[in-house]
Amino acid sequence: MGPSQPPTHGNHENMTSMKHSFPLGLSARFASTLGLCAALATPLQASTEEWPRGHYPLPEEGDLVGEVYRVVAESGDTLIDIGHEHGIGYEEMVRANPEISIWAPFEGTEVVIPGRFILPDGPREGLVVNVAEMRLYYYPPADEGEAPRVETYPIAVGRMDWKTPLGTTRITEKVKDPAWYPPASIRRERAEAGVPLPSVVPPGPDNPLGTRKMRLGIPGYLIHGTNRPEGVGMRVTHGCIRMLPEDIEALFPRLPIGTQVKLINETLKLGWADGTLHVQAYPYLDEEDGTTIQRITEALDQVDTATDGLDYPVDYARLREVVEVPQGMPVALEVTAPEPAPETLWDRLELIAADTESPEKQAEES
């Protein structure tokens, strides 16, 4: 399932005006959407239904949910704390706020919350884990008369030497307050680091699995909580999927054994909203995944497929910027003054180079 075709009429259900019930402690924060003020006047604002953090109705048309907005840091905040309060992981917050200190954003600092997402490619069912994005999506079954929805949560994934596997599997076991039996490989690693592990870690605050674990059909891999939530949104696990304690505790009772889990590595997502094509890019997990020119070429191919048969003016220069410096936030790819579409890959690359060439460089060559 690729990105939806552009809607045939305006779709204002892009969540920019949907109410959310934020966690306690956020009532004093000032929040404002970025460049979305017009959408706040839509009829959706009158809705009295509140959605939990990270929960969104599926758009009737299009592929985007959520919003990008700002909050103001309070005394004692860290960027990690602010992100977790809004369902955003470590790397997502750092990319969205590159000039702000992680540990001391200072009281009064405006912090960007990158809370808008293009839904991953493929069927919208069960759990979808995008390793590159370090984010989990859950599509719960809708009861009769209930609007279909999606829930999304930040996660930690496997580091370079302990990669999270890819493929389709299922939840095969669920355990509350689990004990942890460290594999021999992890015990050796810890022993070599001078921090030996016991053969079993009982439930409690020292258990790295947290209070919940769900075993996958791929032997040795789990979705579980954590006693170190600051690592959520980073590549720090031994291949398992780690969630914030409050997130897995909310999700755990609603996922029956047998729930499908699709593990993907989608570094570039495309999606439509209000007739505009958007792109959302993430860094490659490993250097061997490809060079920059390979990334650009693959992105061009994906955009070609998404706009096949459409008279759509693609902003190729912006596409290159997003691919070269992935920020993890959706970016519109529509130009305001379309030029004739380039016919070949070489033409497109030439157009990108011309559009991104600096005025200084142009002056030097003139």
TODO: Take Ile82 and Val71, measure what side-chain contact (heavy atoms from CB on, under 4.5 Å) needs, and give me the verdict at the end.
DONE: CA-CA 9 Å; Ile82 296 172; Val71 299; 3.8 Å; yes
Task: Modelled atom types, side-chain donor and acceptor of Asp81 and Thr78, under 3.5 Å - done: yes
Open item on the list: Please tell me whether Thr168 and Gln260 have a donor and an acceptor in their side chains that are separated by less than 3.5 angstrom.
Closed with: no
[X]/[Y] ion pair, N-O < 4.0 Å:
{"X": "Arg135", "Y": "Glu92", "answer": "yes"}
{"X": "Arg116", "Y": "Glu67", "answer": "no"}
{"X": "Glu151", "Y": "Arg254", "answer": "yes"}
{"X": "Glu192", "Y": "Arg190", "answer": "no"}

[X] [atom1] to [Y] [atom2] distance, which is reported to the nearest 0.5 Å:
{"X": "Glu85", "Y": "Ile88", "atom1": "CD", "atom2": "CD1", "value": "12.0 Å"}
{"X": "Leu255", "Y": "Ile223", "atom1": "CG", "atom2": "CD1", "value": "7.5 Å"}
{"X": "Glu133", "Y": "Asn265", "atom1": "CD", "atom2": "CG", "value": "11.0 Å"}
{"X": "His238", "Y": "Lys163", "atom1": "NE2", "atom2": "NZ", "value": "15.5 Å"}

Task: salt bridge (Lys or Arg N to Asp or Glu O under 4.0 Å) pairs, two or more places apart, involving residues 196-219 - done: Glu173-Arg215
Task: Residues Val279, Leu319; criterion side-chain contact (heavy atoms from CB on, under 4.5 Å); working and verdict - done: CA-CA 8 Å; Val279 60; Leu319 176 63; 4.2 Å; yes
Task: Trace of the side-chain hydrogen bond (donor to acceptor under 3.5 Å, both in side chains) decision for Tyr90 with His84 - done: CA-CA 8 Å; Tyr90 176 90; His84 288 178; over 6 Å; no
- [ ] List in chain and number order the residues that pass side-chain contact (heavy atoms from CB on, under 4.5 Å) with Pro283, two or more places apart in sequence or in another chain; answer none if no residue qualifies.
- [x] Arg95, Pro326
Open item on the list: I want to check a possible cation-pi pair here: Lys176 against Phe252, using under 6.0 Å from ring centre and within 45° of the ring axis as the test.
Closed with: no
Open item on the list: I want to check a possible cation-pi pair here: Arg149 against Tyr56, using under 6.0 Å from ring centre and within 45° of the ring axis as the test.
Closed with: no
Open item on the list: Determine whether Tyr153 and Val232 satisfy the following criterion, side-chain contact (heavy atoms from CB on, under 4.5 Å), listing intermediate values before the conclusion.
Closed with: CA-CA 10 Å; Tyr153 303 93; Val232 170; over 6 Å; no
- [ ] Please step through side-chain contact (heavy atoms from CB on, under 4.5 Å) for the pair Gln327 and Tyr282, ending with a clear verdict.
- [x] CA-CA 7 Å; Gln327 295 296 319; Tyr282 301 90; over 6 Å; no
Task: For Tyr312, all residues meeting ring pair (Phe, Tyr, Trp, His ring centres under 6.0 Å), sequence neighbours excluded - done: Trp272
